Amino acid sequence: MKNSAMIAGGLMAAPLISGANYFSGAEEVIKVAVIGCGGRGRGAVIQALLAKKNVKLVAMADAFKDNVEKCYQIITDDDVADGVVIKDRIDVPEERRFYGFDAYKKAIPLADVVILTTPPGFRPIHFEEAVKQGKHVFMEKPVATDPAGIKKVLDAAAIARQKKLNVVVGLQRRYQNSYRELFNRKDLIGDITSAQAWWNSDGVWVRPRTDGMTEMEYQMRNWYYFVWLCGDHISEQHIHNIDVVNWFKNDYPVKAQGMGGREVRNGKDHGEIFDHHFVEFTYADGSVLNSQCRHIPGTMSKVDELIIGTKGKIYCGAGRITDHKGNALFQFDRKNENNPYQQEHDELFDAILKGEYKFDDTEVGAKSTMTSILGRMATYSGQAISFDDALNSGIDLMPKEFSFNANPPVMPDENGNYPVAIPGKTKYSF
Ligand SMILES: NC(=O)c1ccc[n+]([C@@H]2O[C@H](COP(=O)([O-])OP(=O)(O)OC[C@H]3O[C@@H](n4cnc5c(N)ncnc54)[C@H](O)[C@@H]3O)[C@@H](O)[C@H]2O)c1
């Protein structure tokens, strides 16, 4: 009961012209493969398996064998999914647990739906392959770490559209009830004139170097601290807040300028990324997004967005809309909040099961990722940069050779330190 039968039955929301697998909604198994078996990969697999009873995990791929095995152990535990036993929905014998740089090529053909949850540097390559093979996709944000990767994702998005492949990107605020309710009422604040966005926190893990690791293995394991893999935290985390403002503006900034640096993130295990960025993004209509993100322990924590219009303000975290005098125009009722991570999968698998082509998140995912990359280019260089110049810069940070014995694109000096951007000196090249 795949494509042809669905079309013949007139059940499609849009006619299918591709080899993508759609389903009858009955007992047929929807096969899933996960590429990137770390924290988010595990979470996304569980959410996919909870979305529908007939979703089955059939293949797993990771750069590292130990990570595949650890993930397999965790997800086959009886207690992993809030009381629902999902073990019987996992059919991944050893021969379908792949590892190495090419593991994705072995796992993707075995599935109908592919979950892409590696560090974001690899997303363009993996997404391109999934689309080439006609798979529906759930992929995490960010969707790239450099402009060349964004172009690759946008090109693949055009093909995904032609093939009518559902693609959900893990910008989960777009699947969260409170944000959706605020978005539906955004006209209450009139025209948006400015916005503020924050991801200020203590920071994230460090995975130390151990004996015998090649430089490539070290960077792949401690990926957060390398721009080619992570994109810096302005991209890796703060993209969520930047994306909310782009979504509500229904637009992307035309230029950015900003400042940033590293105050406390200066150990050898801290690679090359900054620990704070402040960026002024300007949209075509002159409105401005002031964005700040910080990873410094002991400082004020705040992850939120504030959107200001001609008639009022939207306080996203509080779920509130007020006029300029502070009178409430809307208050979201927390009782109605959902788990947006689960919602992403519920909606994706529902569409696939019903034979609907409903999700095309790639372009917004790519352009919000590009916005965050633009912010990084502005803080690293200290220059004002336009979105189009950045996107068309051709900057490509990925290695030319994928092997654990190859040198990654950035190498430490003789003391084990990595080159760090210096505003005013660093060119456009990040
Ligand atoms: N939407 C959200 O709120 C949210 C939350 C957490 C993570 N994420 C995103 O999920 C992604 C993964 O983050 P994580 O926290 O799971 O990291 P993680 O380090 O826990 O897992 C990443 C896994 O990918 C594997 N990997 C690395 N390169 C690979 C390759 N080339 N092929 C196959 N596997 C490879 C690693 O070995 C590791 O097991 C990131 O893009 C992150 O931004 C999103």
Side-chain angles (χ1 to χ4, degrees), residues 33-47 59-75 97-108 114-130 138-145 149 153 168-176 179 199 201 204-207 213 216-244 273 293 303 339-345 361 365 368-369 372 398-399 401-404 406 408:
V34 58
I35 319 298
C37 304
R40 190 74 266 278
R42 289 198 298 272
V45 163
I46 294 166
Q47 283 135 12
M60 300 169 67
D62 198 281
F64 299 108
K65 184 167 196 244
D66 56 312
N67 286 350
V68 188
E69 295 306 329
K70 185 172 151 206
C71 180
Y72 182 78
Q73 295 275 312
I74 294 173
I75 60 177
R97 304 206 284 265
F98 305 104
Y99 54 93
F101 281 104
D102 280 348
Y104 72 103
K105 287 197 178 154
K106 299 173 189 151
I108 290 174
V114 181
I115 292 174
L116 303 180
T117 42
T118 64
F122 291 104
R123 200 90 67 244
I125 302 168
H126 295 171
F127 180 61
E128 186 180 49
E129 181 70 16
F138 170 81
M139 65 173 156
E140 264 306 342
K141 44 42 70 176
V143 303
T145 55
V153 169
V168 167
V169 173
L171 289 162
Q172 71 272 7
R173 283 160 180 76
R174 290 178 184 254
Y175 292 80
Q176 187 167 345
Y179 279 86
W199 192 300
S201 69
V204 298
W205 47 258
V206 165
R207 294 177 183 149
M213 273 184 181
M216 181 67 91
E217 174 173 359
Y218 168 65
Q219 294 193 16
M220 293 275 290
R221 298 240 185 223
N222 197 26
W223 62 265
Y224 209 98
Y225 296 90
F226 297 94
V227 180
W228 66 277
L229 284 158
C230 163
D232 203 320
H233 66 112
I234 186 173
S235 215
E236 204 277 336
Q237 284 184 321
H238 191 39
I239 184 178
H240 284 297
N241 321 101
I242 291 171
D243 177 63
V244 166
I273 69 169
C293 56
V303 178
N339 173 350
Y341 295 97
Q342 187 60 52
Q343 191 73 25
E344 290 168 336
H345 290 270
D361 287 356
S368 278
T369 301
S372 66
M398 292 303 281
E401 184 189 348
F402 292 108
S403 141
F404 286 112

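As the structure lists them, so they are numbered: ligands from 1, and atoms in each ligand from 1. Any value given below was found using the heavy atoms of this structure, including those in side chains, with hydrogens, waters and symmetry copies removed. Worth saying up front: this structure is predicted, and the values here are computed from it rather than measured.
Remark: ligand 1 atoms within the under-4.0 Å shell around heavy atoms of N67 are 36 (C), 37 (O), 38 (C), 39 (O). The distance from ligand 1 to the heavy atoms of R207 drops below 4.0 Å at these ligand atoms: 18 (P), 19 (O), 20 (O). Shown in contact with Q172 at under 4.0 Å from a heavy atom are these atoms of ligand 1, numbered in order with element: 1 (N), 2 (C), 3 (O). Heavy-atom proximity to H126, at under 4.0 Å, picks out these atoms of ligand 1: 30 (C), 31 (N), 32 (N). Near F122, meaning under 4.0 Å from any of its heavy atoms, are these atoms of ligand 1: 28 (N), 31 (N). If you number the atoms of ligand 1 from 1 as listed, the ones under 4.0 Å from a heavy atom of F64 come out as 37 (O). Each of the atoms 22 (C), 24 (O), 26 (N), 27 (C), 28 (N) of ligand 1 lies under 4.0 Å from some heavy atom of P119. Residue Y341 has at least one heavy-atom neighbour below 4.0 Å for each of these atoms of ligand 1: 1 (N), 2 (C), 3 (O).
Under the 4.0 angstrom criterion for non-hydrogen atoms, Q237 is not in contact with ligand 1. Ligand 1 has at least one atom lying under 4.0 Å from a heavy atom of P142.
Selection from K105, H233, R40 by nearest heavy atom to atom 15 (O) of ligand 1 gives R40. Counting heavy atoms only, R123 comes closest to atom 41 (O) of ligand 1 of the residues E236, R123, E140. Relative to atom 35 (C) of ligand 1, the option among A63, P120, G39 with the closest non-hydrogen atom is A63.
Inter-residue side-chain proximity for H233 and V204 is flagged as unmet; no heavy-atom pair is nearer than 4.5 Å. Residues W223 and F122 are not in side-chain contact: their nearest non-hydrogen atoms beyond the backbone lie 4.5 Å or more apart.
Under the 30°/60° scheme for interplanar angles, the aromatic rings of F226 and Y218 are found to stand perpendicular.
Annotation: atom 11 (C) of ligand 1 to nearest protein heavy atom, T118 O, 3.4 Å. Of the protein's non-hydrogen atoms, W223 CZ2, 3.8 Å is the one closest to atom 13 (O) of ligand 1. Annotation: atom 12 (C) of ligand 1 to nearest protein heavy atom, T117 O, 3.3 Å.
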query: Under the side-chain contact (heavy atoms from CB on, under 4.5 Å) criterion, do Y104 and T118 qualify, and how do the steps go?
result: CA-CA 10 Å; Y104 72 103; T118 64; over 6 Å; no
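Residues H240 and D243 have side chains that never bring a donor and an acceptor to within less than 3.5 angstrom of each other.
In this structure, the side chain of T369 engages the main chain of V143 through a donor-acceptor pair within 3.5 Å. Under the 3.5 Å distance criterion, the side-chain polar atoms of D232 are left unmatched by any main-chain donor or acceptor of V227. Side-chain atoms of T145 come within 3.5 Å of backbone N or O of W228 as a donor-acceptor pair.
When each of F98, F404, F101 is tested with F64 by the rule ring-ring contact (aromatic ring centres under 6.0 Å, His included), just one qualifies, namely F404.
Between the CE atom in M213 and the CE atom in M220 there is a gap of 11.0 Å [rounded to 0.5 Å].
Considering backbone and side-chain N/O of G100, none are found under 3.5 Å from N/O of ligand 1.
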